[in-house]
Amino acid sequence: MNKIELPRSVSFIISSLNDAGYEAYIVGGCVRDYLLGKQPKDWDITTSALPEDVKHVFAHTYDTGIEHGTVTVLIDKVGYEVTTYRIDGEYKDNRHPESVIFTNKLTGDLARRDFTMNAIAYNDSEGFVDMFNGMEDLRMGIIRAVREPSERFREDALRMMRALRFSAQLGFEIEENTKRAICENASLIKNISMERIRDELIKLILSDNPLNIYEVKAEGLMDCFMPELSSTLENQRNEITACLEMTAADTVKRLSLLMHSLPATEQEKLLRRLRLDNRTVKDVITLSRCMNVKPNPTPYEIRKLISETSVSMTDDVIYMWSVLGYKEESTTAHRIFERITADGDCCSVAQLAISGEDLIKEGIPAGKQLGDILRASLDEVLRQPEHNSREYLIDKAVKMMGGK
Ligand code: ATP
Ligand code: MG
């Protein structure tokens with residue numbers, strides 16, 4: 001392959017920069033993905049123009065990461081990141097460089113990139129600029145650090161997680177020296193922020209090779225930031241090996257499968273440490289807890305599950321039963337679930353034919369007892385949906401109070 005079919009806007013950006021006397025190339029993930037026959041997610045452009053120069057060349061721009069040299073150029077309302085060639089300044093504490101130094105040489109910019117497959121630049125007039133044989137590594141399916149791997153991981157320890165994440169996403173091998181350098185430098189990952197680690201970890205878990213999570217463990221990285229998962233993965237190896245790949249590529253489902261045998265308190269600690277959002281934390285804990293209960297697919301149990309969680313969580317629990325091997329139970333539960341949702345069965349206090357106010361009007365005082373009556377009414381209706389009528393429930397409530 002010697003030509004990339006560039007989108008019109010990308011060609012326009014490159015030629016506009018050229019016309020103004022600057023060099024410009026597409027670079028990084030988009031070149032890699034194109035060579036792999038995948039549609040690039042975004043088209044990143046690298047240029048000899050300084051950020052201020054880029055802003056002069058285009059009518060519509062905004063600053064995205066100006067301190068890193070990135071300006072977003074808007075063409076037809078779509079943003080393209082245009083970044084000035086840079087070499088990284090000195091790295092301290094194995095993360096982000098202290099400063100960014102702009103350069104007017106493409107070679108410097110390519111040399112600071114992490115892996116050979118991510119260090120290829122391209123434009124129509126020069127074709128591919130591939131100083132580190134990234135194209136050959138792509139053909140061979142190899143992830144290889146640009147230059148000396150140990151040094152590169154000491155500069156920025158996140159690159160070790162990135163190597164494992166790309167390996168899982170692309171099904172590539174990590175080259176021997178690069179792999180050895182990961183093992184040797186694994187402990188440096190503790191200097192990296194949890195958000196950055198989490199992003200790579202989630203991408204790995206959602207990839208086509210989620211079992212590569214065992215590589216994160218084997219290389220010694222996992223023990224540095226989530227030792228509790230490390231031991232669970234060991235203890236549950238058979239179950240996880242059998243089930244993880246067939247679990248839909250969804251953060252909550254895959255995390256629940258990985259963590260469901262940890263106590264809820266430990267799950268929460270771990271999920272919070274990974275700085276996951278509240279919704280995800282709550283859903284993983286709920287799904288894990290429900291997965292751990294042996295399935296009992298009766299209409300009452302399914303309605304109860306909906307009332308205790310939600311419609312979508314119940315759907316997920318039923319799905320996970322099937323993943324865990326309870327195929328028949330899951331099929332039956334799913335049939336029941338579909339009927340319940342189609343019929344609109346009452347599965348919450350809010351859907352009851354009576355409200356707290358109705359009961360107060362009947363002379364039942366507000367307070368704990370009223371709450372108990374509503375809950376008992378719901379349980380009755382979960383068992384027998386046809387009992388969800390005002391007359392029936394009020395009559396029953398009054399009787400529960402010992403009659404009027
Ligand atoms: P993805 O498809 O997941 O976005 P990507 O390769 O585009 O993959 P980005 O994080 O978007 O990854 O980074 C864009 C490019 O910047 C990379 O291709 C690589 O050249 C460079 N890069 C990103 N992170 C690092 C890093 N930690 N060290 C060195 N180079 C990096
Ligand atoms: Mg990218």
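Whatever order the structure lists them in is the order used to number ligands and atoms, beginning at 1. Fair warning: this is a prediction, and the values are worked out from it, not measured in the lab.
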| query | Hey, does Leu158 sit under 4.0 Å from ligand 1 if you only count heavy atoms? | reply | no

| query | Under 4.0 Å from any heavy atom of Gly28, which atoms of ligand 1 are there? | reply | 18 (O)

| field | For Arg112, the ligand 1 atoms whose distance to one of its heavy atoms is below 4.0 Å | value | 29 (C), 30 (N)

| said: Distance under 4.0 Å to a non-hydrogen atom of Lys41: what atoms of ligand 1 satisfy this? | reply: 1 (P), 2 (O)

| message | Tell me whether Arg159 contacts the main-chain N or O of Arg152 through its side chain, where contact means a donor paired with an acceptor under 3.5 Å. | response | yes

| Glu386-Tyr392 side chain donor-acceptor pair, cut-off 3.5 Å | no

| field | Aromatic plane relationship, Trp43 with Tyr34 - under 30° parallel, 30 to 60° tilted, over 60° perpendicular | value | tilted

| said: Students should be able to answer this: which protein heavy-atom is nearest to atom 12 (O) of ligand 1, and at what distance? | reply: Arg162 NH2, 3.4 Å

| said: Quick check with a 6.0 Å cut-off and a 45 degree axis cone: is Lys190 positioned over the face of Phe225's six-membered ring? | reply: no

| said: Classify the ring geometry of Phe115 against Phe166: parallel below 30°, tilted from 30° to 60°, perpendicular beyond 60°. | reply: perpendicular

| request: Indicate yes or no for a side-chain donor-acceptor contact from Tyr214 to the backbone of Leu233 under 3.5 Å, with no hydrogens or angles considered. | output: yes

| request: Check each atom of ligand 1 against the heavy atoms of Phe166 and keep those under 4.0 Å away; list them by number with element. | output: 6 (O), 8 (O)

| request: Would you mind checking which non-hydrogen protein atom is closest to atom 15 (C) of ligand 1, with the distance to 0.1 Å? | output: Arg113 NH1, 3.7 Å

| request: Among all protein heavy atoms, pick the one closest to atom 6 (O) of ligand 1 and tell me residue, atom and distance. | output: Arg32 NH1, 2.7 Å

| request: Start with the C-alpha gap between Thr116 and Asp137, add the side-chain angles, then the distance that decides, and say whether side-chain hydrogen bond (donor to acceptor under 3.5 Å, both in side chains) holds. | output: CA-CA 7 Å; Thr116 59; Asp137 283 340; 2.8 Å; yes

| Does Asn118 approach ligand 1 within less than 4.0 angstrom via side chain, backbone, both or neither, non-hydrogen atoms only? | both

| Does Thr232 reach the main-chain N or O of Glu228 with its side chain, forming a donor-acceptor pair under 3.5 Å? | yes

| note | Closest to atom 7 (O) of ligand 1 among protein heavy atoms sits Gly29 CA, 3.5 Å

| query | In terms of residue, atom name and distance, what is the protein heavy atom nearest to atom 11 (O) of ligand 1? | reply | Asp44 OD2, 4.8 Å

| message | Under 4.0 Å from a heavy atom of Arg159: which atoms of ligand 1 are those, numbered in the order shown and with their elements? | response | 26 (C), 27 (N), 28 (N), 29 (C)

| Looking only at protein heavy atoms, which one is nearest to atom 27 (N) of ligand 1, and how far off is it? | Asp156 OD2, 3.0 Å

| said: For Phe153, which part has a heavy atom under 4.0 Å from ligand 1: side chain, backbone, both, or neither? | reply: neither

| message | For Ala163, is there any backbone N or O sitting under 3.5 Å from a side-chain donor or acceptor partner on Ser167? | response | no

| query | Which residue holds the protein heavy atom closest to atom 30 (N) of ligand 1, what is that atom called, and what is the gap in Å? | reply | Asp114 N, 3.2 Å

| query | What protein heavy atom is closest to atom 3 (O) of ligand 1, reported as residue, atom name and distance in Å? | reply | Arg165 NH1, 2.7 Å

| For Asn238 and Thr241, does a side-chain donor sit closer than 3.5 Å to a side-chain acceptor? | no

